[in-house]
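One structure is given here, and the rest of the page talks about it.
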Amino acid sequence: MAKVPVEDLTPQEAEAELQRLAEEIARHDAAYHRKDAPEITDAEYDALKQRNDALEAQFPELIREDSPSRRVGSTPSEAFAQVTHAVPMLSLGNVFSDEDVQDFIASVYRFLGHLPDNSIAFTAEPKIDGLSMSLRYENGVLVSGATRGDGATGENVTANVRTIGEIPNRLPEDAPAVVEVRGEIYMAKSDFAALNAALSEEGKPTYVNPRNTASGSLRQLDPEVTARRKLKFFAYTWGEMSAMPADTQMGMVETFARWGFPVNPLMKRLSSVDDLIDHYREIGVQRGDLDYDIDGVVYKVDRLDLQARLGFRSRSPRWATAHKFPAEQAITRLLNIDIQVGRTGALTPVARLEPITVGGVVVTNATLHNEDYIAGKGSNGEPIREGRDIRIGDYVIVQRAGDVIPQIVDIVPEKRPEDAEPYRFPDHCPVCEAHAVREINEKTGKLDAVRRCTAGFSCRAQAVEHLKHFVSRNAFDIEGLGAKQVDFFFEHEDEALAIRTAPDIFTLERRQAAAGLTRLENFNGWGKTSVANLYQSINERRSIALNRFIFALGIRHVGETTAKLLARSYGSYAAFEQAMKLAASGEGEAWDDLNNIDGIGAVVARAIAEFFAEEKNTAVIARLLEEVSPEDDQQRIDTSSPVAGKTVVFTGSLEKMTRDEAKAKAESLGAKVSGSVSKKTDIVIAGPGAGSKLKKAEELGVQTMDEDEWLALIGG
Ligand code: IVH
């Protein structure tokens, strides 16, 4: 029976259907997890969940306590053991235009201190749109297959990987003792089409795209199911290797091919920007004819010694980037504009769209950025889209690129309804009604593009978003306490159950001990086991890395990278907080030290100082510290490197490496690189032409050395 579109349902019908879905999904969950005997296919199950999500998006007031979208745990992923990757699985930076490619190549030459003379070779190969896989071989035998997960730990899917015919179970005799081959698992477009054809013939729901199908097929509890799905593999990189069989990217991939792994035939080694871009275009032309989805071309520095010198930024290598294909577009109707309030109070307009398929994925929401964007103005007040504004009821051009949130790039002026009115952006917070204002940026004197709710933590939306950030993966990462559970706890009035601020998370178990009817076990979706698991994962985080702790505080402009810098610079939370309280005045030595940390600019420093000047913030942190102990920064106390924890300053010119390279290397050894010399400086590395900084170091009695002495000290 064809489903009535969600938009056409009355609230009564929606309520009845939500109830039916909750019961049906719960039944299938039980069949799947407890009896291991699913009665429906994954695609059918996913379709039920999707329908439920669509109904909840349309009728948020009808979301049930026992909604399947709120259920804790029991997702299939919990069935797989975790694998810690010996070498983290990182992602790639993106570029979109020819100029970006030029910049990327130039940055490689600059970092290495070379003139851009085409002397460095790059490989160029398709970026496969599948899921990344790390295959570990010990003494030539496949011992584990793991998904990427968060990059540090993934899921152990070894049994399923063994069913993939293209992946060798054994390596030749001459392979090193430990080998980790990494690459992409994917489903061929033809196999995907055949699978869907078979499903629809049986009257069953079909899958959305090959990538999701490949992912679902790999993460099956029953390897038999994976075996039937005909997954494929391309090898393109590696993790731990006990010995290196080659010294170039190309050589490594050729080795993988010799060992029996499929490698992509379109990979080439090239040297000029023009050749790389030509190859990108060539692959773009062939894209439609390939039997697998690709979403761009990856460029990598070929020589591995140069890759090692270039190293990594926080999450991606400096020696590689992905040149993405242009985004796909489609036209649909803008049904409404919702305003979401974020952690920092930002009011973000979200477009609700008539569902449309863009590049194989159904899109119902898109970002509208900010009120100027809706009004047809760019960040400097200049007209964009020739000044066309966006109105509810307009037909809009939706664009989707990779995993990026879909955007609305333009409207179709001829199709604008006559009664469409310019959109009036709210000047009050839609959640708490407080004034929402656009601040004036002190530095530029310009009006901030973002309108913000002025209520701070007394705004429900800000408080709850703040908590979601606190528990998120790169912050406290509390398993079983995701966004939905945060909503659940936040809503409850009851003393024994409410979580309003971060410290409440850690007092929950104690407060629950005294609870009567409001015991967590009595609520739908929670049982004895899930509650016990929740307490366990909360308690596991009573000790936490300093950088995660700082990141979790949700200070504006303090992302993961800045949090790491701060952790490394101050070493302990006590030292950090003490310094920040002193810096809060915006002057003095503590303020100067903060500003001198390489990588922390004035805007960030001011945001941190303002955060610690606010008594409400420090009071919450004080309560939090009664429950949680941030560990001292590992990097700093790691004494294995002679420069760990030392503050160093480079001055004058360097001859053996560029300034960027020297800085990256020093940081990778746990040193802190500062831009100016003070009493706190441990070493000044002075090259030819050094002037005032060297003089100051000598005056202060700070140790100085030349580049060679520095290299001898760090052993390289
Ligand atoms: S190289 C250190 N090469 O893209 C980075 N990645 O956005 C090593 N991917 O997680 C990755 N095709 O899953 C590389 N030819 C290719 C690729 C590729 C697809 C995926 C990979 C990675 C993601 C990064």
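This one's a predicted model, so the numbers in the text were calculated from it and none came from an experiment. Residues: numbered from 1 along the sequence shown. Counting convention: from 1, in listed order, for ligands and their atoms alike. All values below were derived from every heavy atom in this structure, side-chain atoms included, with hydrogens, water molecules and symmetry-related copies excluded.
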Would you please name every residue forming a side-chain hydrogen bond (donor to acceptor under 3.5 Å, both in side chains) with Asp293, sequence neighbours left out? none
For a quick check under 3.5 Å, do Gln407 and Gln399 share a side-chain donor-acceptor pair by atom type? no
Compile the protein residues with any heavy atom at a distance under 4.0 Å from an atom of ligand 1; present them by chain, then by number. Leu90, Ser91, Leu92, Glu125, Pro126, Lys127, Ile128, Ser132, Arg148, Glu184, Tyr236, Val298, Lys300, Pro317
Quiz question: by atom type and distance under 3.5 Å, do the side chains of Ser97 and Asp100 form a donor-acceptor pair? yes
For residues Ala235 and Phe261, report the shortest heavy-atom separation together with the two atoms involved. CB-CB, 3.9 Å
Partners passing side-chain hydrogen bond (donor to acceptor under 3.5 Å, both in side chains) against Arg136 (at least two apart in sequence or in another chain): Glu138, Glu180, Glu240
Residue pairs, two or more places apart or on separate chains, that pass ring pair (Phe, Tyr, Trp, His ring centres under 6.0 Å) and touch residues 155-193: Tyr186-Phe234, Tyr186-Tyr292
